[in-house]
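One is the number of the first residue; the rest follow in order along the sequence.
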Amino acid sequence: MSSALKRRFNIVVLPAPADMQTEIDIVKTRVAQMSDSFRLNSALPDDSAFEKVVTIFRELRNGQTLDGQIKLKTTSGVQLGGGTDIKRSVAYCSELVSKPEKTTMFIVTTCTRAEIGTDLSAG
């Protein structure tokens, strides 16, 4: 998180779950809750998609693959600044999707539902 955002928010750092299955369960629960609250009206990804995402984040946090064979170095990252129109960004991304049945989109934001609105499908 950028220094500017850290100054604006009270930051609470939670430890990562100790085991992968607990983290997968947490992510699945939150994705389901957010999907419902944003009225996305789409099926949740299958279990393998959640496992892939959690694996990627666990490996990035640890700086190595889960088996410890390959060291990882984060070379870049993307952070959108304040004022990003999330609904417009989602609408733009949806235009780029050619196979929606094989596409999973994750949105990581500090915005509240009141700030974004409840229906991201409207664009």
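Residues Ile24 and Glu51 meet the side-chain proximity criterion, which asks for heavy atoms closer than 4.5 Å. The shortest distance between side-chain heavy atoms of Val31 and Phe50 falls below 4.5 Å.
Panel note: side chain Asn62, backbone Gln64; no donor-acceptor pair is recorded below 3.5 Å.
Residues Asp47 and Lys28 come closest through the heavy atom pair OD1-NZ, 2.8 Å. Nearest heavy-atom pair, Ser35 versus Ser42, reported as atom, atom and distance to 0.1 Å: OG-O, 4.2 Å.
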**Report entry** Check against salt bridge (charged side-chain N to carboxylate O under 4.0 Å, His left out), Glu23 and Arg61
**Finding:** CA-CA 13 Å; Glu23 190 165 356; Arg61 278 195 309 266; 2.8 Å; yes
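Listed by chain and number, the residues in a side chain to side chain contact (heavy atoms under 4.5 Å, CB included) with Asp46 are Ser48, Ala49 (sequence neighbours excluded).
For the residue pair Thr22/Asp19, the side-chain donor-acceptor check at 3.5 Å is satisfied.
A single hydrophobic cluster is not seen to contain both Met34 and Ile26; linkage of ILVMFWY side chains at heavy-atom distances under 4.5 Å, directly or through other members, places them apart.
In this structure, the separation between CE on Met20 and CG on Leu66 is 6.0 Å, given to the nearest 0.5 Å.
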